[in-house]
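We number each residue from 1, following the sequence as shown. These numbers were taken from a predicted model, which means no experiment stands behind them.
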Amino acid sequence: MTYNVSVADLVENTHLDIFYGKEYLDRPITTSDISRPGLELTGYFNYYPAKRIQLLGITETSYAKGMNSADLYEVMKEMCHPETPAFVISTQLDPPDELIRAAKNKHIPILGSKLTTSRVLSNMTNYLESNLAERKSMHGVLVDVYGLGVLMTGDSGVGKSETALELVKRGHRLIADDRVEVYQQDEQTLVGQAPHILRHLLEIRGIGIIDVMNLFGAGAVRSKTKVDLIVHLENWSDNKDYDRLGNSDETRRIFDVDVERINIPVKTGRNLAIIVEAAAMNFRARTMGYDATKVFNDNLNSLIKENSKPNG
């Protein structure tokens with residue numbers, strides 16, 4: 001599952017100006033790659049990434065100024081491919097007249113920005129990568145606990161939403177309830193957010209749907225967060241052995257990223273919100289180099305060694 005992004009979305013979210021083509025901003029953008037046409041200005045079109053946004057900065061526009069007008073117009077006509085979403089001119093530069101003429105013939109918008117080429121490139125790439133990335137819809141509840149994204153999973157009715165409500169009351173923030181849209185931001189990072197229709201909403205059995213932002217304020221919600229830890233809630237079973245020392249190294253692979261997962265048994269009387277808080281804090285401590293399980297094992301080995309010494 002992927003989102004569709006139009007040139008209008010790009011303009012709105014990266015604060016671009018419109019030189020030409022306001023009526024053509026519905027053109028689709030299908031790739032997050034940005035092209036800076038250099039060889040194309042010399043007439044080399046053996047490989048022209050026409051589906052990409054074409055970004056022109058000081059280097060490209062300076063070269064274009066030194067070209068013969070007729071030659072430049074022919075090059076611009078070749079660059080104005082039917083699949084090209086838009087042209088972007090950085091650094092508050094004016095687009096070449098030849099580009100405007102060619103773009104008008106193909107109904108391709110020309111956009112501009114006062115930012116430098118590298119800044120514009122970074123802003124557009126970050127936005128497009130986030131919004132064009134493949135998404136996976138997962139059943140669970142995503143909360144921000146002490147700045148860590150904790151994805152709570154488990155069977156329906158196990159208590160995920162109630163735990164999230166208690167965490168919100170304790171000052172943490174809700175990202176998504178029931179359905180979480182997850183995408184891979186880079187080689188090591190997963191990001192989760194709520195589907196638009198479920199944003200800020202939480203379903204509590206017996207009460208119904210509540211608006212967390214309306215009840216608890218804007219500080220109780222976030223639009224998205226990294227997925228750092230998976231907490232799987234499962235009904236307590238007397239026939240199952242549960243990890244008591246933290247020696248389990250279980251992970252779950254989502255796209256190409258392995259996310260640590262811990263299993264928490266649910267039993268009457270257990271305060272799940274406090275347990276999830278402790279899990280998040282313990283996870284952070286380990287990422288900072290402190291492992292309570294290792295400390296316990298070291299202390300135990302030292303005690304065994306001390307007691308094993310011969311008397312006298």
Side-chain angles (χ1 to χ4, degrees), residues 1 134-146 148-170 172-184 190-213 215-216 220-283:
M1 179 179 65
E134 181 184 355
R135 279 164 162 70
K136 178 178 292 187
S137 182
M138 301 182 63
H139 177 64
V141 179
L142 182 60
V143 287
D144 178 311
V145 181
Y146 299 124
L148 293 173
V150 179
L151 176 62
M152 292 186 290
T153 62
D155 294 336
S156 295
V158 76
K160 300 184 296 296
S161 297
E162 291 79 1
T163 304
L165 178 60
E166 178 65 21
L167 287 168
V168 168
K169 289 183 63 180
R170 294 175 65 86
H172 306 292
R173 292 183 284 183
L174 173 73
I175 288 87
D177 177 52
D178 189 49
R179 306 306 303 180
V180 183
E181 290 186 352
V182 179
Y183 65 90
Q184 185 171 344
L190 293 173
V191 175
Q193 62 186 51
H196 184 74
I197 193 174
L198 299 177
R199 195 168 298 170
H200 308 156
L201 301 181
L202 189 64
E203 179 192 354
I204 304 296
R205 283 174 172 79
I207 297 178
I209 296 174
I210 64 174
D211 188 324
V212 172
M213 182 171 173
L215 292 182
F216 298 97
V221 296
R222 283 189 68 177
S223 60
K224 59 184 177 181
T225 188
K226 292 196 301 180
V227 180
D228 298 295
L229 176 67
I230 296 175
V231 173
H232 184 73
L233 305 180
E234 58 182 70
N235 290 313
W236 186 290
S237 173
D238 293 332
N239 299 322
K240 182 175 180 179
D241 292 328
Y242 296 103
D243 184 18
R244 300 183 63 183
L245 297 179
N247 290 319
S248 173
D249 293 324
E250 186 174 346
T251 61
R252 177 173 176 179
R253 174 159 285 243
I254 304 175
F255 294 115
D256 299 322
V257 180
D258 291 322
V259 183
E260 182 173 329
R261 167 178 150 155
I262 61 174
N263 299 310
I264 295 181
V266 176
K267 189 177 183 180
T268 302
R270 302 197 88 197
N271 190 320
L272 294 179
I274 292 179
I275 294 174
V276 171
E277 280 184 335
M281 289 187 290
N282 193 50
F283 174 82

Interatomic distance, CD@Q184 vs CD1@I254, rounded to 0.5 Å, equals 10.0 Å
From H172 atom NE2 to E166 atom CD, the distance as rounded to the nearest 0.5 Å: 9.5 Å
Side chain proximity check, I210 to L165, heavy atoms < 4.5 angstrom: yes
Least distance between heavy atoms, A280 atom then V150 atom: CB-CG2, 4.2 Å
Closest non-hydrogen atom pair, G192 against I175: O-CG2, 3.7 Å
Just verifying a value: how many Å separate K226 NZ and L190 CG, rounded to the nearest 0.5 Å? 10.0 Å
Indicate the atoms forming the closest heavy-atom contact of E260 with T251, along with that distance. CA-CG2, 4.1 Å
Taking all non-hydrogen atoms of both residues, which atom of E134 and which atom of Y183 are closest, and how far apart? O-CB, 3.3 Å
Taking atom CG as the centre, does D155 end up with more than 12 heavy-atom neighbours from other residues, nucleotides or ligands that are less than 6.0 angstrom away? no
Side chain to side chain, H139 and R179, heavy atoms closer than 4.5 Å: yes
Would you check, one step at a time, whether the test side-chain contact (heavy atoms from CB on, under 4.5 Å) holds for V221 with R173? CA-CA 5 Å; V221 296; R173 292 183 284 183; 5.7 Å; no
Hey, what do you get for CG (L151) to OG1 (T225), rounding to the nearest 0.5 Å? 11.0 Å
So, R261 side chain and H232 main chain: donor-acceptor pair closer than 3.5 Å or not? no
Just verifying a value: how many Å separate D211 CG and L174 CG, rounded to the nearest 0.5 Å? 10.0 Å
Nearest atoms (heavy-atom pairs only) where R205 meets S156: NH2-CB, 3.9 Å
Let me know which of I274, V143, L272 forms a side-chain contact (heavy atoms from CB on, under 4.5 Å) with L167. V143
Would you find a donor on one side and an acceptor on the other, under 3.5 Å apart, between the side chain of D177 and the backbone of S161? no
Between the main-chain N or O of G149 and the side-chain N or O of D228, is there a donor-acceptor pair closer than 3.5 Å? yes
Could you grab the distance from atom CG of L148 to atom CG of L229, nearest 0.5 Å is fine? 7.5 Å
Answer yes or no: is there a donor N or O on one side and an acceptor on the other, between the side chain of K224 and the main chain of V182, under 3.5 Å? no
Looking only at heavy atoms, what is the nearest atom pair of K160 and G140, with distance? CE-CA, 4.2 Å
